[in-house]
Participant: 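Have a look at this one.
These numbers were taken from a predicted model, which means no experiment stands behind them. Letters go in sequence order (proteins before strands), and every chain restarts at 1.
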Amino acid sequence: MTRTLITSALPYINGIKHLGNLVGSQLPADLYARYRRARGDEVMFVCATDEHGTPAELAAARAGQAVADYCSEMHEVQADLARRFGLSFDHFGRSSSVHNHRLTQHLAARLGEAGLIEVVEEEQVYSPADGRFLPDRYIEGTCPNCGYDKARGDQCEECTKQLEPTALIEPRSAISGATDLEVRKTRHLFLRQSALRERLDQWIDSKADWPVLTTSIAKKWLHDGDGLRDRGITRDLDWGIPAQFEGAPWEGMAGKVFYVWFDAPIEYISATAEWAEANGKSEKDWKRWWKTDEGAENVRYVQFMGKDNVPFHTLSFPATLMGSGEDWKLVDYIKSFNYLNYDGGQFSTSQGRGVFMDQALEILPADYWRWWLLSHAPENSDSEFTWENFQLSVNKDLADVLGNFVSRVTKFCRSRFGEKVPEGGDCGPEEEALIAALAKRLRAYEAHMDAIEIRKAAGELRAIWVLGNEYLQEAAPWAAFKQDPARAAAIIRLALNLIRLYAVLSAPFIPEASQRILAAMQAEDDGWPEDVAAALRALAPGHGFRVPEVLFAKISDEAREEWQARFAGGRDR
RNA sequence: GGGCCUGUAGCUCAGUUGGUUAGAGCGGAGCGCUCAUAACGCUUUGGUCGCAGGUUCGAGUCCUGCCGGGCCUACCA
């Protein structure tokens with residue numbers, strides 16, 4: 001049996017994610033996981049909240065909570081939203097878990113023993129008023145280049161010039177506004193990625209099938225300037241995984257924690273360990289997904305992420321695993337996404353611009369969002385959400401093409417034959433043509449899903465739905481019923497089976513609606529169709545069904561206009 | 001500044017290694033159907049493929065320059 005390991009980039013703990021975040025990793029990962037399961041793979045699909053780092057500490061402080069409490073609470077909020085969006089994780093873990101502490105420290109120790117970690121002393125800006133070192137972007141001041149007074153220490157957003165924090169005029173803390181900043185010396189662990197450059201380069205070269213977006217970013221980092229640079233993997237923070245621990249092959253890191261980008265990808269593995277523990281499994285059960293010397297050699301590992309995460313997944317995380325000298329499973333395929341924009345601009349968490357996951361579910365069921373987001377996924381370039389497009393797409397595709405098909409067939413059957421699959425009548429050339437067309441499109445659909453070409457797959461699925469309407473028009477059971485009721489029965493029997501088939505094929509995109517259709521059809525068989533003709537006989541004559549409630553209500557112009565105004569900026573809570 | 005991506009019908013996007021008259025869906029127009037969520041089907045209308053050069057028998061596709069949009073640039077995550 002094919003075994004597929006799927007991970008989605010970890011959503012950061014700091015607040016509720018917007019639709020752009022969702023479509024950038026978790027949602028397409030779920031689509032693929034559901035599809036692979038439907039095709040009979042053994043699937044392990046994990047995700048987690050990414051809980052460490054400066055923003056988490058600051059968000060907790062703003063909320064007046066201890067950071068551990070804040071993270072616990074936000075983890076539950078995100079887990080609940082993920083569940084309500086139908087994200088079918090086998091486990092949704094936490095990067096702050098005890099498993100991740102243990103494994104992160106273990107890998108760091110291995111790297112240290114392998115000589116791949118060194119202690120580097122550097123200078124950083126410290127804010128006594130805040131009681132913490134400030135990352136460059138948490139220092140604000142006047143840009144020496146253009147005079148913009150809110151330039152950040154890493155870059156001026158006004159003139160886009162890159163800056164050093166010490167170059168800012170009148171620098172201040174972006175957290176407190178304090179101006180008594182000082183430069184202090186501090187010691188950090190650095191991962192000697194440069195020592196692994198050759199191996200990483202060869203490894204990337206072996207991935208000829210990866211999207212350009214993915215490999216070009218990795219290549220840039222590998223070859224730019226002096227090549228891959230070593231990277232600091234610790235920070236002067238309280239909240240995180242301690243960098244000084246029993247058995248650590250270095251001294252003097254007391255009070256420091258690992259950098260979030262060191263421990264976050266390791267959580268993919270740890271989350272699988274958490275899964276094992278939560279489900280009464282053994283260590284063996286999770287290691288067979290991750291250790292190539294313990295059963296993972298035939299696992300296919302696919303990662304999903306936004307393009308901003310690519311360097312960490314193509315370079316530093318593989319460097320961590322390779323450098324450990326242990327037999328960890330490396331990623332086989334990376335599917336990365338561009339960004340989704342919102343109505344002519346960017347989604348903005350800080351300005352509350354755009355639609356966030358909780359708000360989306362307040363106004364419409366998850367399947368509406370899933371369908372639009374996936375069928376417009378920003379695969380090749382940034383794409384844009386507009387309410388007009390969303391309304392048109394949902395009304396046309398879901399309500400008119402699919403929903404109405406289910407409605408017209410089941411209601412016609414109920415009024416003419418009752419709520420059971422009618423018997424009698426013969427199939428003819430129309431049905432043969434339909435089956436041939438379906439088989440062809442099904443193969444195309446599978447090919448696109450296998451290649452994780454999401455928009456193309458959505459287009460093919462929609463075309464499969466359209467075939468049903470074309471067939472009904474051609475076969476015209478309402479006309480046949482008047483002369484030859486048996487012929488009408490044969491047509492409707494096929495059409496009812498088509499509904500069941502649509503539910504099965506559509507489930508990766510719209511799982512909740514598919515479930516409702518299957519329930520209405522009282523179908524027990526939800527297996528992926530190996531043979532279309534056979535799949536269209538699954539519901540036998542006499543099989544009972546119910547006419548389902550309206551599957552997809554249309555979005556009215558009034559509702560669209562209201563939401564358009566409501567989400568234009570300034571989160572309403 | 002550097003690297004990469006991107007610009008194709010009103011809108012959202014396909015266009016394989018360069019190969020005839022550039023495609024799909026939506027929208028617009030017309031016709032048909034009447035089972036259905038005024039839904040469905042058929043036909044049809046839309047494009048100097050960002051601009052200017054070049055290579056070639058042949059360029060949406062390759063090269064150069066320019067213009068526009070985006071991302072990354074290693075201490076946000």
Side-chain angles (χ1 to χ4, degrees), chain A residues 9-14 21 50 52-56 58 122 124-125 133-139 152-155 160-162 164-165 174 188 193 211-213 215-217 219-221 223-225 228-232 235-236 259-261 264 306-312 315-316 338-339 341 346 375-376 378-384 386 388-389 392-393 395-416 453 455-456 458-459 462-463 466 468-474 476-481 488 491-492 495 547 549-554:
Chain A
L10 307 188
Y12 196 64
I13 193 70
N14 175 16
N21 297 134
D50 176 14
H52 298 136
T54 308
L58 297 179
E122 51 180 12
Q124 272 185 12
V125 175
F133 283 95
L134 297 177
D136 288 356
R137 70 163 45 197
Y138 283 97
I139 303 163
R152 291 190 324 217
D154 55 344
Q155 188 177 40
T160 73
K161 191 175 175 61
Q162 279 182 77
E164 289 296 318
H188 283 296
Q193 299 182 136
V212 186
L213 181 64
T215 48
S216 66
I217 293 172
K219 282 287 177 186
K220 172 71 185 345
W221 282 48
H223 298 295
D224 190 39
L228 188 61
R229 287 178 237 165
D230 295 340
R231 187 166 189 126
R235 294 288 182 275
D236 290 286
Y259 175 40
V260 29
W261 263 116
K307 57 185 165 183
D308 51 335
N309 283 346
V310 168
F312 302 102
L315 301 170
S316 41
N338 287 282
Y339 291 142
N341 289 318
Q346 293 187 339
S375 61
H376 294 77
E379 290 177 291
N380 296 336
S381 60
D382 291 356
S383 65
E384 172 148 323
T386 66
E388 287 85 358
N389 189 297
L392 280 172
S393 184
N395 286 356
K396 190 72 191 174
D397 298 347
L398 295 182
D400 294 345
V401 176
L402 176 61
N404 180 58
F405 177 75
V406 172
S407 179
R408 67 193 294 202
V409 170
T410 52
K411 285 182 177 172
F412 181 84
C413 185
R414 179 174 63 184
S415 68
R416 304 298 197 281
E453 295 267 11
R455 280 181 308 191
K456 288 180 182 172
R462 186 188 186 283
V466 167
N469 284 315
E470 288 173 357
Y471 167 70
L472 277 192
Q473 184 67 29
E474 177 78 17
W478 48 88
F481 187 78
I491 295 167
I492 287 302
V547 173
E549 297 296 310
V550 169
L551 280 173
F552 300 100
K554 291 204 192 188

Participant: Do the side-chain N or O atoms of Arg408(A) get closer than 4.0 angstrom to the phosphate oxygens (OP1, OP2) of rC35(B)?
Facilitator: no

Participant: Check the phosphate of rA77(B) against Tyr138(A), side-chain N and O only, distance under 4.0 Å to OP1 or OP2. Yes or no?
Facilitator: no

Participant: Using the P atom on both, measure rC4(B) against rA52(B) and round to a whole Å.
Facilitator: 25 Å

Participant: Rounded to the Å, how far apart are Arg455(A) CZ and rG15(B) P?
Facilitator: 9 Å

Participant: Whole angstrom is fine here: how far is it from CD1 in Ile492(A) over to C1' in rC35(B)?
Facilitator: 7 Å

Participant: Output a table of nitrogen or oxygen pairs between the protein and nucleotides 4-10 of chain B separated by less than 3.5 Å.
Facilitator:
| from | atom 1 | to | atom 2 | distance (Å) |
| --- | --- | --- | --- | --- |
| rC4(B) | O2' | Ser216(A) | OG | 3.1 |

Participant: If I take atom NZ in residue Lys307(A) and atom C1' in nucleotide rA74(B), what distance separates them, rounded to the nearest angstrom?
Facilitator: 18 Å

Participant: Rounded to the nearest Å, what distance is computed from the CG atom of residue Asn395(A) to the P atom of nucleotide rU37(B)?
Facilitator: 15 Å

Participant: Using the six-membered ring wherever Trp is involved, compare the ring planes of Trp261(A) and Phe312(A) and label them parallel, tilted or perpendicular (cut-offs 30° and 60°).
Facilitator: parallel

Participant: Has Tyr471(A) got a side-chain N or O lying under 4.0 Å from the OP1 or OP2 atom of rC40(B)?
Facilitator: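 For rC40(B), neither OP1 nor OP2 has a side-chain N or O of Tyr471(A) closer than 4.0 Å.
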
Participant: Is there a donor N/O on one and an acceptor N/O on the other, under 3.5 Å, for the side chain of Glu470(A) and the base of rC42(B)?
Facilitator: no

Participant: When the distance from CD of Glu384(A) to P of rC13(B) is rounded to whole Å, what number comes out?
Facilitator: 8 Å

Participant: How far does the P atom of rU16(B) sit from the matching atom of rG23(B), given to the nearest Å?
Facilitator: 14 Å

Participant: What contact category does Val466(A) fall into here, base, sugar-phosphate, or nothing, at under 4.0 angstrom with non-hydrogen atoms?
Facilitator: sugar-phosphate

Participant: Students often get this wrong, so: under 4.0 angstrom with heavy atoms, is Phe481(A) touching a base, only sugar-phosphate, or nothing?
Facilitator: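 Contact class for Phe481(A): none.
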
Participant: Across the strands shown, which category fits Pro55(A) at heavy-atom distances under 4.0 angstrom: base, sugar-phosphate, nothing?
Facilitator: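 Sugar-phosphate contact only.
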
Participant: Is the distance from OP1 or OP2 of rU37(B) to the nearest side-chain N or O of Lys411(A) less than 4.0 Å?
Facilitator: yes

Participant: Which is true for Ser316(A) with a 4.0 Å heavy-atom rule: it touches a base, it touches only sugar-phosphate, or it touches nothing?
Facilitator: nothing

Participant: Just compare rC75(B), rA74(B), rC72(B) and give me whichever is closest to any side-chain atom of Arg229(A).
Facilitator: rA74(B)

Participant: To the nearest angstrom, how far is Asn309(A) atom CG from rC76(B) atom P?
Facilitator: 13 Å

Participant: For Watson-Crick and G-U wobble pairs within 3.5 Å on both distances, what is RNA chain B written in dot-bracket notation, | included for inter-strand pairing?
Facilitator: (((((((..((((.....[...)))).(((((.......))))).....(((((..]....))))))))))))....

Participant: Given atom CH2 of Trp221(A) and atom C1' of rA74(B), what is their separation to the nearest angstrom?
Facilitator: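 The answer, rounded to whole Å, is 4 Å.
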
Participant: Checking all strands, does Ser383(A) fall into the base, sugar-phosphate, or nothing category for heavy-atom contacts under 4.0 angstrom?
Facilitator: sugar-phosphate

Participant: Contact class for Gly403(A) vs. all strands (heavy atom < 4.0 Å): base, sugar-phosphate, or nothing?
Facilitator: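 The residue Gly403(A) makes base contact.
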
Participant: Report yes if at least one side-chain N or O of Gln346(A) is closer than 4.0 Å to OP1 or OP2 of rC71(B); otherwise report no.
Facilitator: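 It does, given that an N or O in the side chain of Gln346(A) lies less than 4.0 Å from OP1 or OP2 of rC71(B).
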
Participant: Distances under 3.5 Å only, N/O to N/O: pair up the protein atoms with those of nucleotides 22-33 of chain B.
Facilitator:
| from | atom 1 | to | atom 2 | distance (Å) |
| --- | --- | --- | --- | --- |
| rC33(B) | O2' | Trp478(A) | NE1 | 3.4 |

Participant: Describe the nucleic acid contact of Lys219(A) in one word from base, sugar-phosphate, nothing, applying a heavy-atom distance below 4.0 Å.
Facilitator: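 It contacts nothing in the nucleic acid.
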
Participant: Between Asn389(A) and Leu551(A), who's closer to the 5' end of RNA chain B by nearest nucleotide?
Facilitator: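 Closer to the 5' end of RNA chain B: Asn389(A).
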
Participant: Looking at Asn404(A) and rA39(B), is any side-chain donor or acceptor paired with a base atom of the opposite kind under 3.5 Å?
Facilitator: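 No pair found.
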
Participant: Starting at atom CZ of Phe412(A), determine the distance to atom C1' of rC35(B), rounded to an integer number of angstrom.
Facilitator: 6 Å

